Amino acid sequence: MVGASILPPPTFRALLFSFSIFCLLPEHVFAVTRHYKFDIKLQNVTRLCHSKSMVTVNGQFPGPRIVAREGDNLFIKVSYVYNYTIVGQRGTLWWHAHISWLRSIVCGPLIILPKRGVQYPFAKPYKEVPIIFGEWFNVDPEAVISQALQTGGGPNVYDAYTINGLPGPLYNCSTKGLGTNPCPKNQTCQGPNGTKFAASVNNVSFSSPTTALLQAHFFGKSNGVYIPDFPITPIFSFNYTGNPPNNTMVSTGTRLVVLPFNTSVELIMQDTSILGVKSHPLHLHGYNFFVVGQGFGNFDPNKDPEKFNLVDPVERNTVSVPSDGWATIRFLADNPG
Ligand SMILES: *[C@@H]1O[C@H](CO)[C@@H](O)[C@H](O)[C@H]1NC(C)=O
Ligand SMILES: *[C@@H]1O[C@H](CO)[C@@H](O)[C@H](O)[C@H]1NC(C)=O
Ligand SMILES: *[C@@H]1O[C@H](CO)[C@@H](O)[C@H](O)[C@H]1NC(C)=O
Ligand SMILES: *[C@@H]1O[C@H](CO)[C@@H](O)[C@H](O)[C@H]1NC(C)=O
Ligand SMILES: *[C@@H]1O[C@H](CO)[C@@H](O)[C@H](O)[C@H]1NC(C)=O
Ligand SMILES: *[C@@H]1O[C@H](CO)[C@@H](O)[C@H](O)[C@H]1NC(C)=O
Ligand SMILES: *[C@@H]1O[C@H](CO)[C@@H](O)[C@H](O)[C@H]1NC(C)=O
Ligand SMILES: *[C@@H]1O[C@H](CO)[C@@H](O)[C@H](O)[C@H]1NC(C)=O
Ligand SMILES: *[C@@H]1O[C@H](CO)[C@@H](O)[C@H](O)[C@H]1NC(C)=O
């Protein structure tokens with residue numbers, strides 16, 4: 001205590017200062033490689049008095065935390081290896097599985113700190129605790145989504161919301177159980193009027209191809225895989241947030257927009273009231289984007305752009321399109337993929 005209040009003479013302080021700069025220099029310059037090992041294995045987990053065997057990373061639910069600094073190299077061994085350098089990203093993001101609804105349980109925080117010596121754009125917090133919001137299903141969530149896809153009904157709802165994988169004390173220990181597509185001939189469907197619910201954008205419900213899109217494009221073999229004719233505006237305009245059209249059928253296809261490298265893209269996402277309004281979080285892979293505008297009702301191409309924030313819009317990789325409203329994002333398509 002006493003020592004701390006006695007300042008060294010000025011020359012000594014200056015020396016100390018330059019010495020510490022010298023010591024820190026290598027860390028400014030050299031990023032490190034951070035190694036992680038993800039062992040994918042089944043683990044019994046109990047919530048709401050229900051035990052189930054579920055897929056986990058290293059037996060953890062939620063999965064382990066990845067912490068790195070901007071510029072570091074991440075070397076993550078799963079059944080294959082991810083080896084990449086973190087550039088242009090900072091903050092608390094998340095990593096997640098990309099198979100069906102496995103993503104709802106196989107996920108965890110991905111914390112990217114600024115480079116050593118670079119300040120946060122806010123005062124240093126007293127403490128930082130990553131919080132992951134999620135949903136718990138007493139049954140296997142993959143069974144929930146595959147049943148919904150089979151029958152065309154909405155997926156059964158979760159049994160509890162969770163914070164860091166825990167439902168909290170307010171739940172009982174009890175169990176509970178857009179557009180449309182026609183019902184296939186040999187099936188019973190549980191969507192409206194015996195149809196199947198189908199999510200669509202500009203009336204196109206995406207069919208997953210069996211050949212990876214980039215692979216097909218790269219080898220010049222896109223015929224029969226995709227058609228680059230995705231409609232960039234709605235084919236029929238209607239009052240998107242008013243009375244829904246009587247015909248709720250959608251078209252289906254692997255239709256897409258092929259963009260030249262580095263195109264500036266503006267995307268207006270409009271919720272529709274077809275089969276009920278809903279707030280949809282939408283996330284874009286491979287990019288951050290800028291949310292330049294958001295509002296309720298129908299996007300007005302004449303008046304709303306005037307209100308866009310082109311000065312300091314928030315940068316995100318996920319945006320919630322408001323129920324009965326719209327959100328506009330912009331990004332530079334400079335990441336092939
Ligand atoms: C999970 O529980 C089942 C039934 O109690 C048991 O047979 C199995 O060995 C357990 N699995 C693990 C990974 O602990
Ligand atoms: C990981 O990627 C870096 C940068 O591309 C490369 O130098 C390094 O050799 C790679 N490591 C392995 C084990 O492949
Ligand atoms: C818990 O059970 C009680 C009694 O059955 C019921 O009134 C209450 O709504 C339930 N709470 C939840 C969160 O399910
Ligand atoms: C319906 O028929 C298709 C095509 O013959 C078949 O692939 C599918 O498994 C059948 N579905 C059911 C539920 O029987
Ligand atoms: C319900 O489905 C039947 C049979 O496909 C069709 O004739 C009828 O028009 C549909 N009703 C509505 C309200 O869409
Ligand atoms: C669209 O529908 C909403 C809700 O019924 C209504 O408030 C709004 O005035 C309608 N807009 C237009 C342009 O008709
Ligand atoms: C939908 O059908 C009803 C009843 O047939 C009709 O009154 C209404 O005008 C139709 N709505 C639209 C948007 O076509
Ligand atoms: C969507 O496409 C289906 C099938 O082609 C068509 O019946 C329906 O009218 C279209 N709806 C809108 C709103 O464009
Ligand atoms: C992409 O476009 C931006 C803005 O037009 C430009 O600043 C940048 O240099 C371009 N990048 C490449 C790799 O062409």
Side-chain angles (χ1 to χ4, degrees), residues 1-39 57-58 60-78 80-98 106-134 163-165 262 283-291 309 311-319 329-337:
M1 284 302 280
V2 175
S5 64
I6 299 169
L7 291 171
T11 35
F12 184 50
R13 257 198 292 174
L15 260 177
L16 253 185
F17 182 68
S18 55
F19 177 70
S20 58
I21 286 287
F22 180 74
C23 282
L24 285 172
L25 205 55
E27 273 172 321
H28 274 291
V29 176
F30 299 114
V32 297
T33 297
R34 296 179 190 261
H35 294 260
Y36 286 87
K37 190 160 188 300
F38 276 19
D39 192 5
V57 169
N58 304 344
Q60 287 169 251
F61 169 65
R65 199 179 287 189
I66 294 177
V67 184
R69 285 189 186 279
E70 221 182 334
D72 283 353
N73 208 53
L74 273 179
F75 195 86
I76 306 164
K77 276 191 180 160
V78 195
Y80 40 86
V81 174
Y82 287 95
N83 178 12
Y84 65 98
T85 307
I86 297 177
V87 284
Q89 296 258 35
R90 199 184 294 172
T92 302
L93 313 175
W94 68 315
W95 58 264
H96 59 92
H98 235 271
V106 181
C107 61
L110 167 55
I111 299 164
I112 304 170
L113 306 168
K115 286 184 180 173
R116 218 176 267 286
V118 174
Q119 295 300 308
Y120 284 99
F122 45 79
K124 189 176 163 58
Y126 161 67
K127 192 174 179 180
E128 290 181 75
V129 181
I131 293 174
I132 298 187
F133 295 113
I163 295 178
N164 289 347
N262 214 24
H283 104 140
L284 184 65
H285 283 204
Y287 298 94
N288 284 351
F289 51 74
F290 294 102
V291 183
N309 176 0
V311 179
D312 57 357
V314 290
E315 190 178 354
R316 288 273 179 279
N317 60 29
T318 306
V319 66
I329 64 168
R330 288 189 181 184
F331 64 95
L332 208 53
D334 60 356
N335 184 7

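Residue numbers count from 1 along this sequence. Just so you know, these numbers come straight off a predicted model, no measurement behind them.
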Could you measure the distance from the CD atom of Glu315 to the CZ atom of Phe289? Nearest 0.5 Å is fine.
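Answer for the CD-CZ pair, Glu315 versus Phe289, is 9.5 Å.
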If you round to the nearest 0.5 Å, how far is CG of Leu93 from OG1 of Thr318?
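Result: 9.0 Å between the selected atoms.
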For a quick test of reading the model, state the closest non-hydrogen atom pair linking [X] to [Y] and the distance between them.
X	Y	answer
Lys115	Arg69	C-NH1, 4.0 Å
Cys107	His96	CB-CB, 3.8 Å
Pro62	Asn164	CD-O, 3.4 Å
Asn335	Gly286	ND2-O, 2.9 Å

Once salt bridge (Lys or Arg N to Asp or Glu O under 4.0 Å) is applied, do any residues pair with Arg330, and if so which ones, sequence neighbours excluded?
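In terms of salt bridge (Lys or Arg N to Asp or Glu O under 4.0 Å), with neighbours along the sequence ignored, Arg330 is linked to Glu266.
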Tell me every residue that passes salt bridge (Lys or Arg N to Asp or Glu O under 4.0 Å) with Arg316, counting only those two or more places apart in sequence or in another chain.
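Counting only residues at least two positions away or on another chain, Arg316 forms no salt bridge (Lys or Arg N to Asp or Glu O under 4.0 Å).
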Which residue pairs pass the salt bridge (Lys or Arg N to Asp or Glu O under 4.0 Å) test with at least one member in residues 83-92, sequence neighbours excluded?
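Applying salt bridge (Lys or Arg N to Asp or Glu O under 4.0 Å) to every pair that reaches into residues 83-92, excluding sequence neighbours, yields Glu70-Arg90.
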Excluding sequence neighbours, so at least two apart, what forms side-chain hydrogen bond (donor to acceptor under 3.5 Å, both in side chains) with [X]?
X	answer
Gln60	none
Thr33	none
Asn58	none
Asn317	none

[X]: ring-ring contact (aromatic ring centres under 6.0 Å, His included) partners, not counting sequence neighbours:
X	value
Tyr80	Tyr82
Phe122	Tyr120
His35	Phe75
Phe331	Tyr287

Can you list the residues that meet the side chain to side chain contact (heavy atoms under 4.5 Å, CB included) rule with Pro109, with sequence neighbours excluded?
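If we apply the side chain to side chain contact (heavy atoms under 4.5 Å, CB included) test to Pro109, skipping adjacent residues, the hits are Arg65, Ile111, Pro130, Ile132.
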I'd like to know whether Leu74 forms a side-chain contact (heavy atoms from CB on, under 4.5 Å) with Asn83, so could you lay out the CA-CA distance, the side-chain angles of the two residues, the decisive distance to 0.1 Å, and finally the verdict.
CA-CA 6 Å; Leu74 273 179; Asn83 178 12; over 6 Å; no
Is there a side-chain contact between [X] and [Y] (heavy atoms, below 4.5 Å)?
X	Y	answer
Val67	Tyr36	yes
Val57	Asp39	no
Leu332	Asn262	yes

Start with the C-alpha distance between Trp95 and Ile66, add both sets of side-chain angles, then the distance that settles side-chain contact (heavy atoms from CB on, under 4.5 Å), and finish with yes or no.
CA-CA 9 Å; Trp95 58 264; Ile66 294 177; 3.7 Å; yes
Show, in sequence, the C-alpha distance, side-chain angles and deciding distance for Asn73 and Tyr84, and conclude whether the side-chain contact (heavy atoms from CB on, under 4.5 Å) test is met.
CA-CA 6 Å; Asn73 208 53; Tyr84 65 98; 5.6 Å; no
Tell me whether the centres of the aromatic rings in Trp94 and Phe133 are closer together than 6.0 Å.
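Centroid distance Trp94-Phe133: not below 6.0 Å, so no.
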Stepwise side-chain contact (heavy atoms from CB on, under 4.5 Å) check, Ile329 with Val319
CA-CA 9 Å; Ile329 64 168; Val319 66; 4.1 Å; yes
